[in-house]
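What you see is a predicted model, and the numbers here were worked out from it, not measured in a lab.
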Amino acid sequence: KLTVTPEVNEFAPPFGDETLGPVVFTKPITPKVFQNPNWYHRRGQITDWERPDHVLLGDFKGGLRDLATERRDVRDAIIESIAAWVQEIPFDGIRYDAVKHVDPPLWTDLVARVRELSSRREDSFLQVAEVFDGSLENISAYVGENAFDSVLDFAGKYTVFRDVFL
């Protein structure tokens with residue numbers, strides 16, 4: 001089985017420092033539509049992982065810029081790109097990275113579209129959310145009807161590390 005991981009939130013290579021002048025992309029981004037600097041929050045790196053606005057709108061370390069997934073045009077471009085993969089490449093599932101860092105309506109639309117397209121396949125298709133959180137209650141909110149098929153069990157990881165290794 002083959003699973004792919006599209007970067008929906010932090011997939012853009014670094015672009016120039018806007019404090020030094022206009023935003024200039026230092027590496028080409030494809031599809032080209034994602035080269036629009038207005039499609040990024042540009043609020044700086046996440047500094048407080050407990051603040052929802054930082055988690056949802058901040059950039060990741062290493063220059064990974066946060067897409068403005070609350071914008072309809074950005075959501076449509078993401079959905080169109082991933083839908084094309086599902087139609088053209090015979091993989092068996094998608095692991096979505098950094099799910100809690102993306103505006104929730106994107107997931108509702110994207111998961112539904114992928115589910116519609118993958119239902120035409122002979123084999124089953126799995127959509128898994130990566131939600132790096134130690135709370136089972138928090139991560140379980142991402143699974144169910146009209147949501148992801150599964151979520152990575154980071155709550156279990158936290159328990160094992162706390163209770164076994166520390």
Side-chain angles (χ1 to χ4, degrees), residues 1-13 29-31 33-34 39-41 43 45-46 48-62 64-164:
K1 299 286 182 181
L2 175 65
T3 303
V4 298
T5 302
E7 295 293 340
V8 172
N9 184 54
E10 75 239 10
F11 79 52
I29 298 173
T30 57
V33 69
F34 289 101
W39 280 24
Y40 298 86
H41 286 123
R43 294 184 58 179
Q45 187 173 307
I46 299 170
D48 185 346
W49 293 91
E50 300 302 317
R51 287 188 47 190
D53 61 322
H54 281 227
V55 171
L56 191 60
L57 305 173
D59 296 339
F60 279 75
K61 285 186 175 183
L64 297 171
R65 305 299 186 177
D66 187 68
L67 275 167
T69 55
E70 73 280 2
R71 290 178 53 135
R72 181 82 245 174
D73 52 351
V74 173
R75 282 202 310 265
D76 289 345
I78 291 168
I79 292 167
E80 182 180 315
S81 294
I82 294 174
W85 294 0
V86 171
Q87 291 173 303
E88 296 174 23
I89 304 169
F91 52 86
D92 304 294
I94 299 176
R95 173 201 173 268
Y96 297 100
D97 192 48
V99 168
K100 72 179 183 180
H101 300 280
V102 176
D103 193 49
L106 168 72
W107 298 126
T108 303
D109 296 347
L110 177 58
V111 168
R113 178 72 173 130
V114 169
R115 190 165 283 132
E116 172 196 340
L117 292 170
S118 64
S119 70
R120 301 174 191 162
R121 296 177 174 206
E122 290 182 25
D123 294 332
S124 61
F125 192 91
L126 185 66
Q127 295 186 80
V128 179
E130 180 270 310
V131 183
F132 196 80
D133 196 297
S135 164
L136 186 56
E137 181 180 346
N138 289 348
I139 66 172
S140 65
Y142 291 92
V143 295
E145 192 172 334
N146 301 318
F148 297 97
D149 300 315
S150 184
V151 65
L152 298 178
D153 187 7
F154 280 109
K157 172 226 180 255
Y158 280 92
T159 300
V160 166
F161 273 83
R162 183 189 65 235
D163 297 344
V164 176

Nearest heavy-atom neighbours spanning [X] and [Y]:
X: Ala77; Y: Val33; answer: CB-CG1, 4.1 Å
X: Pro90; Y: Arg121; answer: C-NH1, 4.1 Å
X: Val143; Y: Ala147; answer: C-CB, 3.8 Å
X: Asp48; Y: Val55; answer: O-CG2, 4.5 Å

Mind checking side chain to side chain contact (heavy atoms under 4.5 Å, CB included) for [X] and listing every partner two or more places apart, or none if nothing turns up?
X: Pro105; answer: Arg75, Asp103
X: Ala112; answer: none
X: Ala68; answer: His41, Glu70, Arg71
X: Thr108; answer: none

For the backbone of Gln127 and the side chain of Asp149, can you confirm whether one donor and one acceptor N or O come within less than 3.5 Å of each other?
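Judged by distance alone, yes, a pair lies under 3.5 Å.
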
Would you check if the side chain of Glu130 reaches a backbone N or O of Phe132 as a donor-acceptor pair within less than 3.5 Å?
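Yes: the side chain of Glu130 pairs with the backbone of Phe132.
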
Asp53: salt bridge (charged side-chain N to carboxylate O under 4.0 Å, His left out) partners, not counting sequence neighbours:
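Residues passing salt bridge (charged side-chain N to carboxylate O under 4.0 Å, His left out) with Asp53: Arg43, Arg51.
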
Roughly how far, to the nearest 0.5 Å, is the CG atom of Leu67 from the CZ atom of Phe34?
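Answer for the CZ-CG pair, Phe34 versus Leu67, is 6.5 Å.
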
Report, as yes or no, whether the 6.0 Å neighbourhood of atom CD on Glu137 holds more than 12 heavy atoms from other residues, nucleotides or ligands.
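No - once you tally the heavy atoms of other residues, nucleotides and ligands closer than 6.0 Å, there are 12 at most.
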
Tell me, which pairs form a salt bridge (charged side-chain N to carboxylate O under 4.0 Å, His left out) where one or both residues lie in residues 76-85, sequence neighbours left out?
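Sorted result for residues 76-85: Arg72-Asp76.
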
Which pairs, with at least one residue in residues 67-89 and sequence neighbours excluded, count as a ring-ring contact (aromatic ring centres under 6.0 Å, His included)?
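For residues 67-89, and leaving out neighbouring residues, there are no ring-ring contact (aromatic ring centres under 6.0 Å, His included) pairs at all.
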
Using 30° and 60° as the class limits, which term best fits the ring planes of Phe125 and Phe91: parallel, tilted or perpendicular?
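If you compare the ring of Phe125 with that of Phe91, the planes turn out tilted.
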
[X] side chain near [Y] side chain, heavy-atom distance below 4.5 Å:
X: Leu56; Y: Thr69; value: no
X: Ile82; Y: Val114; value: yes
X: Ile94; Y: Val86; value: yes

Applying ring-ring contact (aromatic ring centres under 6.0 Å, His included), can you list everything that pairs with Phe148, at least two apart in sequence or on another chain?
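Result, ring-ring contact (aromatic ring centres under 6.0 Å, His included) vs Phe148: Tyr96, Trp107.
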
